[in-house]
A.B. asks: 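Structure provided below as structure tokens; questions to follow.
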Amino acid sequence: MKFAFFKGCKIPYYLAQYETSTRAVMKPFGVRLVDLDFNCCGYPNRDLYFESFVYSAARNLALAEKKRLDIVTPCKCCYGSLKHAEHYMHENEKLRRDVNTVLAREGLSWKGSIKVHHLLTVLCDDIGLPAIYASIVKPLGGLNVAAHYGCHALRPSNVVHFDDPLAPSIFEDCISATGAKPVDWPRRLDCCGNPLLGKNNALSLSLMRSKTSDAAESGADCICTACTYCQIQFDAVQSAETPEPNRESMVPAILYTQLLGLSMGLPERSLGISKNTLSIEKLGPAWKLLPGAF
Amino acid sequence: MVKTLLESTFLFVCLYIALGICAFGILFRIVRWFASDTGPRAAVIPAWKRVAAAAKGFITTVFSIRFFLFFKVLFLDVLLQTRIVKTDLSRWIMHICIFFGFMLLLLMHALDELVTKKLFPEYFSTLDPFQLLRNLFGLMVIIGVAIAIYRRVRHRGPMLATRYADRYAVIILAVIMISGYLVEASKIVSESVFNRMMKDFSSASGPADEDAIRAFWSSEYGTVFADIKTPITPDLVAKGKQLNDESCASCHVPTKSAFISYPVSRALRPVAMPMDRIKADVIFYYIHVLACFAGLAYLPFSKFFHIITDPLTMIVNGMSDKKKVNQAGAMPRRAMELDACTNCGTCSRYCSVAPVFQMIGNEEILPSRKISMISSLCSGKTIKADELREISEGAFICTSCFKCTEVCPTGINLQDQWFAQKDLLAEKGYPLPHVWVKEFNASEWSDRIRAGESSRTRDVDTIKGRYYNLTADSDVFAPCIQCQTCTNVCPVVAAHTGRKDAVDITPQKIMNLLRLGLNDLALGSRMVWDCTTCYQCQENCPQGIPVTDIIYELKNKAYGKFKNIDRTADIDSKDDAS
Amino acid sequence: MTLPKSHNYDPRHIFDVMVIGSGIAGMAASLFAINRKLSTVQAGSAGGTLFTSGLFDLISVYPVGEKRLWENPWEALDAMRRDGTSHPYGRISNEDIQVSFDEMISFLGASGMRLRFDQNRNLKVITSMGTIKYTYCVPESMWHGVEAYDTKAPCLIVDFKGLKEFSARQVATTLKGEWPAMRPLRVTFPGTAGHDEIYAVHLAQALELSETREALARLIKPELGDARFVGLPAVLGIKRTSLIVTHLARLLGVPVFEIPMMPASVPGFRLKEIFDSELPQKGLLRLIDKRVVSVNRADNGYFLLNIGGNDQSQIIQAKSVILATGRFMGKGLLSDRKGIFEPLFNLPLHQPSDRKSWHHEELLNPAGHPINSAGVEVDDCFRPIDGEGRPIYENLFAAGTILAHQDWMRMKCGSGLAIATAYAAVNAFIEKYMNTSARESA
Amino acid sequence: MLQTQVLVIGGGATGTAVARDLALRGVQCILVEKGDLNSGASGGNHGLLHSGGRYVSNDQEAARECKLEGDIVKELMPQCVENTGGLFVAVQGDDEKFIADYPSYCAQCGVPCQMIAPEEARALEPTLSISVIAAYKVEDASIDPFKLTLLNINQAISLGSRLLRRTKVIGFDVQNKKIRRVLVRNDYTGDEFYIEVEQVVNCAGAWANQISSLAGIEIPIQYSKGTLLVTNDRINYRIINRLRRPSDADILVPGGTVSIIGTTSTPVEDPDIIYPTVEETDLIVRESSVMVPVLERSRFVRAYCGVRPLFGKGGGSDGRNVSRGFALLDHSQENVENLTTITGGKLTTFRLMAEKTVDLVARKMGVTAPCLTRTEPLPTTTGGQWTEPGISPKTWMRSHESDDIMICECEMVTKKAIDEVIESIKKNNEKTSLVDICMRTRLGRGACQGAFCGMRAAAYLYERGEFSEREGLVDIGRFFQERWKGIHSILWGDQLIQAELMESIHCGLFDEELYTPSR
């Protein structure tokens with residue numbers, strides 16, 4: 001299997017561990033991730049200019065199309081954005097024409113011949129859960145994990161086609177494969193608040209805290225993410241914005257690729273665990289029980 | 001003979017003037033590094049703090065393990081310019097040609113007294129390999145300049161903005177090179193130069209010998225004589241060669257090894273005599289030297305300055321820790337980086353949001369453009385409001401991906417510049433649109449929109465989207481049955497952050513404002529600008545209304561209208577209840 | 001363990017049943033089909049159950065024109081059968097109705113929503129309008145309200161500042177005549193100070209956290225007085241309702257109950273949550289984001305259903321279809337100025353001759369508007385029939401409110417009708433069609 | 001016993017304008033209205049301030065009057081007017097001669113009119129059909145008749161007059177050719193009482209004959225019912241008239257946030273028994289969509305009708321040829337010296353009608369004060385401004401108290417608006433009902449037609465203590481019925497879904513039909 005790897009803007013500098021851990025866990029399954037000269041997925045621009053958002057995304061699609069590679073992205077926001085652009089390009093002929101005219105300036109064109117995948121759907125569907133179960137050498141028994149779905153991959157479902165938008169299970173299935181126990185939590189499908197960071201911090205943090213308290217009340221040891229922005233929010237932002245007296249109650253966040261990598265027995269360094277702001281050692285007893293962890 | 005540089009009082013004075021200007025210019029620019037407000041909260045960081053921070057940074061780096069990075073940076077980045085080779089081979093070739101050609105000419109030729117003679121006591125400018133190398137180095141520079149000009153013409157456009165100062169620099173460089181070759185060529189063909197040499201150095205005795213040498217120089221060295229009396233026979237040339245070997249060869253290798261100047265001299269033959277009469281060689285010499293002085297004087301004010309700033313930047317950034325940004329120390333560094341930028345356009349080519357520029361045409365999105373705007377932003381110049389608007393749009397479209405910093409051949413910490421720019425813009429009243437939009441409430445925005453529109457009737461045409469028009473199409477929102485599901489699933493409405501920050505209207509109320517034709521009232525609402533775009537409302541709407549897409553469109557339309565509104569102007573708010 | 005996934009399923013699979021519609025009828029049909037090991041796929045929009053109040057009506061008014069209320073729903077059903085009505089209930093025995101209810105109740109109970117009922121008696125529930133509603137079955141969270149009303153014991157009704165759909169004072173004032181011991185209390189819901197308007201679902205989400213419950217109890221407790229019950233608007237959580245109800249009761253020292261209110265209804269969200277997450281666990285393939293755009297029939301009689309729209313359409317093959325698309329709100333029936341029609345199969349409909357006779361001149365006319373009795377006519381196997389009474393397709397069934405000759409809003413039989421007809425349709429399919437196809441393959 | 005100088009009967013535009021005119025001349029009056037303000041023709045029309053263009057071909061007198069009065073209303077009562085401008089457009093198949101003659105008709109009446117190209121008309125009004133072949137610009141405007149009436153009566157009240165709503169005149173006590181006392185009955189309480197009067201002005205519109213017959217006088221009046229439809233959102237910016245001789249469904253009036261299309265003209269026998277029918281609704285949609293095709297698939301939220309009192313007998317079958325001019329009748333000749341009747345006419349000329357009437361009454365009374373309504377601007381008063389569409393959300397979004405919630409979401413009517421309305425009703429010592437609030441605000445007039453806001457408003461009135469025991473339950477039933485009158489003929493498509501939702505909540509869940517007394 002070979003995919004064009006769409007990192008998005010934040011991974012290289014802010015969340016390098018997501019890239020390294022993704023590459024580390026994909027390698028044993030024979031998945032090759034190819035780097036192309038992608039640009040921004042377009043999402044940040046959608047607030048201001050619709051057409052520049054579509055064009056940015058479409059250019060990425062066209063680049064992958066030129067190489068005849070499907071795209072896989074570990075970021076749910078990028079996933080949603082690329083899927084949206086795909087949807088609009090299919091739906092609106094005038095838009096398709098105009099975007100293709102601009103793409104043609106650099107010898108590109110969009111035909112819609114490739115697919116966009118999220119990391120989880122590749123794991124779950126293309127690699128398949130049985131293969132993942134088979135790759136586990138250190139099951140993470142005793143760890144209660146709250147799966148945070150991330151909005152932009154899940155909704156609107158008629159555009160993103162990710163999973164059942166109201167009762168998705170793909171993430172829990174992936175977590176179960178590692179031996180950890182997915183917890184059911186009321187706010188699992190809610191927003192992490194990151195889209196509002198820098199725009200309305202009070203609101204952004206309020207959204208995040210309603211999720212972390214819910215995860216804690218539901219008995220989760222950690223929140224598991226599969227999205228660049230969600231991870232930044234629950235990890236770096238939570239850590240920076242939680243005042244001292246409440247720091248003990250922070251619920252740490254872990255990337256799914258790190259979780260999977262640990263259960264596959266991959267070396268911690270390749271997973272970049274130490275790069276997470278909130279140390280997973282803080283997971284306390286549950287984590288320490290893990291066979292071979294630390 | 002022309003007096004050497006040191007012997008001509010005029011040139012001597014010129015040199016000192018040029019040196020003076022250059023030194024003053026460099027000093028001026030360095031002072032400016034510490035005086036420029038290249039970051040936020042400049043008022044509370046006076047220059048002495050910046051100097052202190054820079055000094056402290058210097059000292060701590062020198063006495064830390066990081067000092068060893070110095071050699072790595074110097075060798076790989078400064079000398080071999082590996083940062084360029086990563087992104088653009090032709091640029092690297094261009095740059096290596098100019099850099100090495102020019103530096104070697106400088107050292108070997110311009111500073112021959114100080115450098116070459118010290119290293120090679122037998123040095124003489126008309127001896128090989130020096131004559132050959134001089135031509136070669138000159139050629140390198142010319143090739144480099146040609147590539148540079150070709151690239152500028154070929155990749156013209158906003159990605160590779162050419163400044164006027166850049167053009168003058170290239171012109172001076174070209175003049176120096178061309179005049180240099182012309183000095184050499186005109187000397188080759190000059191009879192009077194030959195005669196002077198004969199007078200000073202020749203051991204020839206008698207006209208026969210002189211004729212022989214003249215014959216030899218005429219046929220082999222390319223000198224053009226007004227009248228060669230005797231026919232040039234091979235014997236005469238052979239004799240001339242012999243005499244030449246005795247008295248000239250120790251200083252003059254055959255001019256053919258000047259493989260550029262010699263062909264040029266051949267081309268000059270027809271006009272050699274008149275040229276010689278007007279002492280063209282001296283004129284060219286003066287042009288050459290004065291152009292060099294001009295270049296020297298101009299150095300701190302032109303692109304040439306990067307010869308100094310680039311290595312400095314590479315060294316400073318290569319050795320310091322990018323993650324620890326201290327504003328006091330960062331300010332002079334940023335100012336220096338602004339001087340180090342050569343406007344090569346690499347950053348723009350790799351910019352993650354460059355496609356946005358393709359679509360909306362705002363050049364201020366492009367990093368190469370931004371960096372030059374930052375200079376004017378920091379210089380305290382008054383910038384027009386609409387320009388500021390464009391600049392801030394460019395600043396906030398940046399996604400902070402660090403790609404530009406990664407590829408910058410000069411190693412400028414561009415991302416840090418952008419962060420500082422954003423902060424500076426926020427200080428000037430241009431923060432992120434999501435933030436400035438809250439300077440007014442929805443109602444006040446609506447007043448402002450109306451103040452700018454003459455017609456009293458509802459105006460839909462100006463808020464039409466190009467591809468979708470959800471907010472103006474009643475088929476889209478009319479199916480609303482007021483069930484409140486959208487509001488009930490909205491996490492933003494649910495977030496209780498106190499009345500000051502609470503959303504003003506709910507998604508359902510937005511649908512109703514649209515239905516009531518009060519679109520303007522929705523545009524500036526907090527609900528629109530605080531929407532997290534989580535799509536819960538849209539996914540759960542039993543009537544299939546694209547609520548989130550509508551909110552997105554409202555943001556687009558609001559931004560389109562608001563950005564042209566002067567936020568500082570007072571307007572009469574119309575009393576609706578009248 | 002590989003359950004079919006909405007994002008990844010085998011398009012070649014032939015399903016036994018495709019259920020179209022995601023209201024109570026669609027959910028019930030899917031549940032019954034899966035419980036009978038049929039391979040089942042369901043399509044329908046997201047909000048199908050959001051408008052349900054959480055009460056499970058069987059029947060309480062018959063005949064509607066007379067506004068006759070029945071204490072015992074089974075007797076009402078018997079009376080209706082005696083009158084020879086063509087109501088869909090007439091095609092199902094009381095025993096089957098009972099069994100279908102039991103199956104649904106046990107499913108919901110196992111999924112965390114316990115329902116309470118009194119075998120042969122309709123329960124009386126206070127509504128937020130201050131009316132008393134007869135219903136068959138209530139969620140446990142509302143049960144103490146039934147008890148409180150029966151005993152007219154001192155009771156505190158609490159509402160929240162800014163929740164504009166629910167007024168304790170309205171409930172208490174309206175019921176003052178028959179229940180003088182009821183007292184209203186207004187409190188500011190914890191954490192919502194400074195917010196002008198608050199919304200039921202958000203309160204429910206907030207109550208999932210124990211600290212919110214404790215804060216709320218601290219506000220109510222001092223005002224308790226002699227109250228032996230505390231009534232609250234129906235906002236007691238979505239996922240952990242039983243826990244919240246018991247926790248609040250423990251904190252307050254008296255039983256608490258919920259009062260159903262108008263949409264958007266929290267109990268509706270609860271049901272949606274249960275159906276959405278539990279049915280796929282049992283093996284249902286849910287295509288919740290998809291709509292059935294068109295239907296074709298293969299030569300072997302199987303249905304080929306075109307799912308989705310513009311860019312991503314897919315064909316699903318199913319041996320049978322249960323149409324549970326509801327009425328106008330559910331888009332099972334569409335209308336224009338000339339008449340009503342069924343958009344998917346273009347089924348013949350029983351309907352008034354012209355629009356003039358769709359509605360009465362009084363909205364609250366107890367006889368009910370004729371348009372509300374329009375719909376799909378079916379045979380005893382709940383297959384839509386043509387003018388001659390013959391089934392249109394052997395393998396097409398209909399259930400729920402799309403059926404003709406019923407006015408669930410006046411008879412108070414919405415959920416009962418949905419559950420019982422879904423049950424009958426699934427069983428009819430198994431009996432008629434699975435056996436036939438088994439014979440054919442043999 | 002109540003006493004008054006003048007008793008005005010009828011709380012429509014004319015009656016309230018008469019009350020205001022009298023008050024401005026220093027004459028106090030009592031205005032009795034058997035229902036609520038504007039419950040007759042004043043509330044059942046387009047809300048169109050005619051430029052006169054509509055009448056230039058068939059009633060030049062009316063056209064001139066409209067032009068003059070229209071200008072006065074625009075100047076003195078701007079808060080009730082949206083000066084939209086208007087268009088007359090003809091589509092393929094319309095009478096070409098009429099189209100060609102139209103400018104000269106206008107010129108004869110002094111009504112400004114400017115021909116524009118069909119393309120320009122479509123640029124101004126994008127919803128116009130592509131089959132438009134001719135268009136003229138005129139000076140039509142839209143007017144809010146509810147606000148107009150409220151502001152007129154409010155000024156009269158502030159000058160000392162009184163309004164008695166739900167008060168029906170049931171008898172005159174005539175002595176010596178003069179009405180001495182008027183017997184009235186309050187329909188809510190059933191109380192009957194006398195009002196001692198000097199003069200009686202009969203402004204009962206379509207009910208004028210019923211009033212005059214109490215004094216034994218017959219007034220020849222024909223009743224013509226006109227039905228109109230309200231769209232869910234505003235479709236046009238200007239008033240769009242069909243350029244032809246007056247006929248069915250040929251005027252589309254934008255009224256704030258909606259558009260109103262009508263009307264029909266059907267003779268009826270009894271002005272009390274009128275409701276929009278399915279046939280009329282279909283006719284309006286069919287006819288109007290020729291001019292504005294989008295109406296064929298638009299969502300309509302309401303149908304309503306008014307009955308026009310047409311003075312005189314004869315004329316064509318639909319009453320369109322009977323004069324729309326007004327009739328001022330001095331009943332002195334019929335032996336009742338102090339009774340004056342004003343009837344007929346149209347909304348645009350309501351002020352003129354009042355002026356002429358009060359001139360006559362003042363003469364009878366020997367009052368010499370001149371008419372001031374021709375020069376004095378109409379003041380805005382609290383409680384009177386909330387009928388304007390969009391005013392409530394605009395005010396609320398400008399700023400509001402923290403407890404000022406929105407009771408009605410569709411039209412965004414706030415608690416504050418409702419409070420003000422209740423206070424203004426209480427000033428008159430009356431009890432508030434949901435129907436009253438609906439008339440004085442936009443409550444229940446939007447898409448949901450009361451399904452949600454009726455419940456919230458009832459809850460709020462309980463909160464305020466306006467209702468005791470089951471009063472609110474009964475009142476909400478009345479409110480729904482009032483709304484239902486206007487929707488049951490337009491229930492198809494989205495609006496049928498809305499109605500189903502309404503019924504499923506109020507019958508399916510709340511069992512309200514079991515609590516409403518059967519009729």
Side-chain angles (χ1 to χ4, degrees), chain C residues 51 53 55 57 60-61 64 67 69 127-134 161-162 164-167 169-171 173-177 194-197 260-263 327-329 331 334-338 340 354-356 358-366 368-369 371-372 408-410 412 414, chain D residues 275 277-279 281-282 285-286 400-407 415 451-452 455-456 458-463 465 467-473 476-477 480-481 483-485 487-489 491-493 496-497 499-516 518-519:
Chain C
F51 293 97
S53 60
L55 305 175
D57 294 347
S60 59
V61 181
V64 289
K67 300 196 204 172
L69 271 164
T127 72
S128 64
M129 273 300 281
T131 54
I132 302 301
K133 182 181 167 59
Y134 283 45
K161 182 177 168 292
K164 54 194 183 179
E165 276 79 31
F166 186 90
S167 158
R169 184 152 179 203
Q170 177 182 21
V171 177
T173 312
T174 309
L175 286 169
K176 202 175 186 74
H195 284 250
D196 313 351
E197 296 180 352
M261 50 193 278
M262 69 181 192
R327 301 184 70 76
F328 303 105
M329 265 166 69
K331 317 280 189 297
L334 300 183
S335 65
D336 58 21
R337 298 210 312 278
K338 292 169 200 74
I340 65 173
D354 58 16
R355 212 171 87 234
K356 260 191 291 186
W358 282 10
H359 294 95
H360 294 297
E361 281 163 29
E362 307 86 40
L363 168 68
L364 299 179
N365 189 321
H369 302 291
I371 189 74
N372 292 338
W408 69 269
M409 299 188 268
R410 304 292 150 132
K412 325 297 168 191
Chain D
Y275 50 87
T277 64
V278 168
E279 290 91 341
T281 311
D282 285 351
V285 174
R286 212 167 45 237
H400 62 269
E401 294 297 314
S402 121
D403 64 344
D404 189 13
I405 51 175
M406 237 178 226
I407 304 282
K415 186 170 94 60
F452 290 92
M455 156 88 203
R456 291 191 205 110
Y460 181 58
L461 292 192
Y462 269 111
E463 290 295 328
F467 292 139
S468 60
E469 306 227 355
R470 286 191 182 176
E471 266 178 8
L473 213 48
I476 203 173
F480 286 148
Q481 185 52 36
R483 296 283 89 199
W484 185 253
K485 256 171 50 188
I487 46 179
H488 80 273
S489 64
L491 294 181
W492 70 84
L496 181 59
I497 296 175
E500 191 182 42
L501 178 59
M502 178 172 190
E503 221 187 325
S504 68
I505 295 170
H506 293 284
C507 301
L509 172 61
F510 292 138
D511 286 8
E512 283 164 43
E513 82 280 13
L514 303 178
Y515 286 80
T516 315
S518 296
R519 294 190 169 215

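Note that the structure is predicted; figures quoted are calculated from it, not measured. Chain letters run A, B, ... following the sequence lines, proteins first and then strands; every chain starts at 1.
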A.B. asks: Measure distances from Thr277(D) to the heavy atoms of chain C and classify the residue's part below 4.5 Å as side chain, backbone, both or neither.
C.D. replies: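 Neither part.
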A.B. asks: Please examine the side chains of Met129(C) and Met262(C), heavy atoms only from C-beta on, and report whether any two atoms are closer than 4.5 Å.
C.D. replies: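 Not in contact.
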A.B. asks: With a 4.5 angstrom heavy-atom cut-off, could you sort out which part of Leu363(C) is near chain D: side chain, backbone, both or neither?
C.D. replies: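 Both parts, heavy atoms under 4.5 Å.
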A.B. asks: Does any backbone or side-chain atom of Ile132(C) lie under 4.5 Å from a heavy atom of chain D? Answer side chain, backbone, both or neither.
C.D. replies: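 Answer is both: backbone and side chain atoms of Ile132(C) are under 4.5 Å from chain D.
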A.B. asks: Considering only heavy atoms and a distance below 4.5 Å, find which of Leu69(C), Thr173(C), Val64(C) pairs most often with chain D.
C.D. replies: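 Ranked by contacts with chain D, first place is Thr173(C).
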A.B. asks: Would you call His195(C) and Lys161(C) a side-chain contact if the rule is heavy atoms closer than 4.5 Å?
C.D. replies: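 They are not in contact (no side-chain heavy atoms under 4.5 Å apart), so the answer is no.
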A.B. asks: What part of Lys133(C) lies closer than 4.5 angstrom to a heavy atom of chain D: side chain, backbone, both or neither?
C.D. replies: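 Both parts, backbone and side chain.
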A.B. asks: Non-hydrogen atoms of chain C under 4.5 Å away: do they reach the side chain of Met502(D), the backbone, both or neither?
C.D. replies: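 For Met502(D), side-chain heavy atoms alone lie under 4.5 Å from chain C.
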A.B. asks: Which residues pass the ring pair (Phe, Tyr, Trp, His ring centres under 6.0 Å) test with Phe467(D), not counting sequence neighbours?
C.D. replies: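 By the ring pair (Phe, Tyr, Trp, His ring centres under 6.0 Å) rule, Phe467(D) matches Tyr462(D).
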A.B. asks: Report which part of Ile476(D) has an atom under 4.5 Å of a heavy atom belonging to chain C: side chain, backbone, both, or neither.
C.D. replies: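 Answer is side chain: those atoms of Ile476(D) sit under 4.5 Å from chain C.
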A.B. asks: Given a strict heavy-atom distance threshold of 4.5 Å, which part of Asn372(C) is in contact with chain D: side chain, backbone, both, or neither?
C.D. replies: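 Just the side chain, heavy atoms under 4.5 Å.
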A.B. asks: Need one label for Ile505(D): side chain, backbone, both or neither, based on atoms under 4.5 Å from any heavy atom in chain C.
C.D. replies: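 Contact with chain C is through the side chain of Ile505(D) alone.
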A.B. asks: If you count heavy-atom pairs under 4.5 Å with chain C, which of Arg483(D), Glu471(D), Lys415(D), Arg470(D) comes out on top?
C.D. replies: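 Among the listed options, the one with the most contacts to chain C is Arg470(D).
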A.B. asks: Is Ser128(C) close to chain D through its backbone or its side chain, or both, or neither, when contacts mean heavy atoms under 4.5 Å?
C.D. replies: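 Both backbone and side chain.
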A.B. asks: Using non-hydrogen atoms and a 4.5 Å limit, figure out which bit of Phe166(C) sits close to chain D: side chain, backbone, both or neither.
C.D. replies: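 Neither part.
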A.B. asks: Taking the side chain as everything from C-beta on, heavy atoms only, tell me whether Glu279(D) gets closer than 4.5 Å to Lys356(C).
C.D. replies: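 Yes, their side chains come closer than 4.5 Å.
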A.B. asks: Under a 4.5 Å cut-off applied to non-hydrogen side-chain atoms, are Val278(D) and Trp358(C) in contact?
C.D. replies: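 When only atoms from C-beta onward are counted, Trp358(C) and Val278(D) do not touch, as no gap falls below 4.5 Å.
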A.B. asks: Apply side chain to side chain contact (heavy atoms under 4.5 Å, CB included) to Tyr515(D) and Leu364(C), showing your working.
C.D. replies: CA-CA 9 Å; Tyr515(D) 286 80; Leu364(C) 299 179; over 6 Å; no
A.B. asks: Side chain, backbone, both or neither: which part of Trp492(D) has a heavy atom under 4.5 Å from chain C?
C.D. replies: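 Both parts, backbone and side chain.
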A.B. asks: Please list, chain by chain and in numerical order, all residues satisfying ring pair (Phe, Tyr, Trp, His ring centres under 6.0 Å) with Tyr460(D), sequence neighbours excluded.
C.D. replies: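 By the ring pair (Phe, Tyr, Trp, His ring centres under 6.0 Å) rule, Tyr460(D) matches no residue at all.
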A.B. asks: Please state whether the side chain, the backbone, both or neither of Ala499(D) comes within less than 4.5 Å of a heavy atom of chain C.
C.D. replies: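 Neither; nothing under 4.5 Å.
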A.B. asks: Are the side chains of Ile371(C) and Arg355(C) in contact, using a 4.5 Å heavy-atom criterion?
C.D. replies: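 Answer no - side chains too far apart.
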A.B. asks: So does Arg410(C) pair up with Glu503(D), basic N to acidic O under 4.0 Å?
C.D. replies: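 Yes, this pair counts.
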